[in-house]
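Got a structure here, written out as C-alpha cells. Questions coming.
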Amino acid sequence: MDFRELLDQNIQDLDDKPKEACGVFGIIAPAEDVARLTFFGLYALQHRGQESCGIATFDGSKIALHKNIGLVSQVFDETNLSKLKGDIAIGHTRYSTTGSTNIVNAQPILVSFKDENIALAHNGNLVNATELRDFLIKKGYSFESTTDSEVMAKLIVHELSSGKDLKKSIESAFSQCKGAFSVAIGTKDYLIAVRDSYGVRPLCLGLTSKGQSIIASESCALDIVGASFVRDISPGEILFINKEQKLSSSNFASTNTSSSHCIFELIYFSRPDSTFKGLSIYHFRKELGRQLAKESPCDADYVISVPDSGTPAAIGYAEESKLPFGEALIKNRYIGRTFIQPSPMLRELGIRLKLNPLKDVIAGKKIVVIDDSIVRGNTSKKIVKLIKDSGAKEVHLRISSPPVKWPCFYGIDIDSKEQLIASKSESFDEIAKFIDADSLKYISHAGMIKATDLHRNIFCTACFSGQYPIEIPKELNGAKLRYEKVEQKI
Ligand code: SF4
C-alpha cells in the first residue's frame, strides 16, 4: 500500500459517505486574471473532489498548466498562479471514479492537433469508455492516464484528424459518448461547455459584472467570484463562447432523451448555497426534513443532525415536529484532509477524530438524529454508539433519503451492491439492529420527490430504485479500476 492509498484509507475510515466525482470551472475574460478567478471558483467547488486539482490557461498562442495531488489551497500559491496567464482558464477538482489517485489522472487534460491545443475538465462517468478507448488504441492512440476524461479528449483529436473543424469534431466526439458528463473545454479562441443528453451532472452558465462568461458545476462557484447565475447548460447542449462573449449553442444528442438529473446532488453532494432550476438546495433539504417528520414522527426530546450535510433536514424535521433542534455533534472539518496518519491508538477512537459529542446536551435525553443517507452503515453505527456513550436514553435515526440499494455508474463512488447495507439487509429493523439504533426510518421515494416541488421525471433516482436512465453495459460492474486491470493482464 503506497502513501496515497494509506491516505485514502484514512479518509474512508472516517467517512463512508459516497464521494462526488469532480468539480469543473471555466472562464473567458480578456484582461482579467482568469487563473485567480478560477482558483477561487475551484475553492468553492472543493467539496466535489479533494484528491487533485488543476488550472490551464490560454493566452492566444500558448497554453499553461499547473496541476497536482492535493487540495486547491495546497496545490496553488502566488508563484505558480502568477505563471498562469491568459484570457481563458479551465479548472478542475477531482475525486476518482474511473482511475486511481495519481498525478497523471489529475485534470485538466491537455491534447493537441496541429495548432489546436485543447484543455478538458470533466465531471461524471462514461459507461462506454472501455469500448471507446479500445477503438482509439486500435487507431494508434496511446493513453497517459487511466481516466475516461482522456478518452473524451483523444476522441476530439481523432475527429480533428479526420478533417472536421473544431465545432464538428466536438459534436461528433460527444455524440459517441454514453454516460454522465459535464465538461468544460478551453482552446485558444473559445470556452466550451458540454453536458450529456440526460443532464446527470450539473453545469451552469454565469456572467461577471463586466459581462464575461463563466461555466461552473454549481452556482456557489459563481457567487464566490461575484458572478450572477444565467441558466443551466441544457442536457445535450454544446455551448461555444468566444472572446467577444458571443454565445453559439447546438445540440449533439441524436435522439430525444428525458432529463435525468442526479437527485443525490440535491440531497447530499451539492453545496446547500447552490441552486438547481431556481430551487435552493438548502430549502430542498429542509423540505426533506419536514416530509420525513410527517412520515416518521418520533417521540423524542431533542433533534440533532450529523453535520454538516444532515443539518438543513434536521432543522426542517424539528420545525415540523415542534421539537427543539440543537447541535450535539461538533465536526472537526479538517481531519479527513490530513496527510498524517492517526496512530493505532487514535485510530481506535474512530469517529471521535471527526465528531465530538456535547455530552451535556445529550445525556439523559431521547435523541432523534437526522442524517442524509446511509451507505455501508459503519459510520452510522459509530455515531449511534458515540451518542449512547454520551448518556442518551434513546437514539432514533431518521434518514432524509430513501435506502441506497443500487450502485451508481454515473460518477458517484458507489460501485457494488455488496457495499450497501440496505441492499444486503432483509428489513429496516435488521439495519437498525446492526446500527444499534432504537428505531430507524427513511423518507419514502414519493416523499423525496414531493420535497423537490418539481416533476419526478426530471431526476435520476437509480441508486434508490434500480431504474437506470442510461443503459449500463453488463461488463461494467464495480469497475473503477478497470483500465489498470486490463493493463495488468497485457
Ligand atoms: S444512481 Fe444515484 S448517485 Fe448516481 S446519478 Fe443516479 S441518483 Fe445520482
Side-chain angles (χ1 to χ4, degrees), residues 15-24 47-49 95-98 122-129 148 177-183 195-203 217-218 232-233 235-236 257-271 274 276-277 279 281 284-285 288 309 313 371-376 399-423 442-452 454-473 476-480:
D15 184 1
D16 75 359
K17 292 286 180 199
K19 305 293 188 298
E20 173 60 82
C22 301
V24 303
H47 61 290
R48 299 184 69 84
Y95 173 78
S96 63
T97 51
T98 304
H122 165 219
N123 171 205
N125 204 39
L126 295 189
V127 297
N128 67 336
D148 51 357
C177 295
K178 291 185 192 147
F181 49 92
S182 283
V183 178
R195 199 168 174 212
D196 68 78
S197 53
Y198 293 82
V200 179
R201 298 278 146 242
L203 194 63
S217 292
E218 290 181 41
D232 289 308
I233 304 299
T257 50
S258 54
S259 149
S260 295
H261 188 82
C262 169
I263 202 161
F264 229 131
E265 287 277 352
L266 280 70
I267 293 168
Y268 170 65
F269 297 119
S270 294
R271 264 179 43 166
S274 288
F276 170 71
K277 287 190 179 289
L279 176 76
I281 304 273
F284 168 66
R285 290 180 188 166
L288 285 174
S309 51
D371 202 356
D372 54 78
S373 55
I374 300 179
V375 179
R376 298 168 192 90
I399 308 300
S400 64
S401 67
V404 178
K405 289 186 170 178
W406 301 85
C408 174
F409 298 95
Y410 309 142
I412 301 302
D413 193 19
I414 309 172
D415 65 355
S416 121
K417 278 184 88 174
E418 290 72 51
Q419 294 177 335
L420 310 173
I421 191 165
S423 190
Y442 294 85
I443 196 170
S444 67
H445 196 283
M448 169 182 73
I449 298 297
K450 192 173 171 200
T452 66
L454 295 164
H455 195 271
R456 83 168 302 280
N457 285 342
I458 71 165
F459 292 109
C460 171
T461 60
C463 51
F464 307 123
S465 64
Q467 290 171 2
Y468 292 95
I470 308 169
E471 195 184 344
I472 309 299
L476 191 64
N477 188 11
K480 180 183 170 188

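Whatever order the structure lists ligands and atoms in, that order sets their numbers, starting from 1.
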Is the distance between the ring centroids of Phe276 and Phe284 under 6.0 Å?
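No, ring centres 6.0 Å or more apart.
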In the protein, what heavy atom is nearest to atom 5 (S) of ligand 1, and what distance, to one decimal place, separates them?
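Its nearest protein heavy-atom neighbour is Arg201 NH2, 3.3 Å.
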Ring pair (Phe, Tyr, Trp, His ring centres under 6.0 Å) involving Tyr442 - partner list, sequence neighbours excluded:
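Partners of Tyr442 under the ring pair (Phe, Tyr, Trp, His ring centres under 6.0 Å) test: Phe428.
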Could you walk me through whether Leu126 and Lys178 satisfy the side-chain contact (heavy atoms from CB on, under 4.5 Å) test, starting with their C-alpha distance in whole Å, then the side-chain angles of each, then the deciding distance to 0.1 Å, before giving a yes or no?
CA-CA 6 Å; Leu126 295 189; Lys178 291 185 192 147; over 6 Å; no
Taking only protein atoms, how many N, O or S atoms are found under 2.8 Å from atom 8 (Fe) of ligand 1?
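Number of qualifying protein atoms: 1.
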Can you see whether Ser309 engages Asp372 through a side-chain donor-acceptor pair at a distance of less than 3.5 angstrom?
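Short answer, yes.
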Taking atom types as modelled and ignoring hydrogens, do the side chains of Ser465 and His445 form a donor-acceptor contact shorter than 3.5 angstrom?
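No, no side-chain donor-acceptor contact under 3.5 Å.
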Take Glu265 and Arg48 through the salt bridge (Lys or Arg N to Asp or Glu O under 4.0 Å) test and state the conclusion after the steps.
CA-CA 10 Å; Glu265 287 277 352; Arg48 299 184 69 84; 3.0 Å; yes
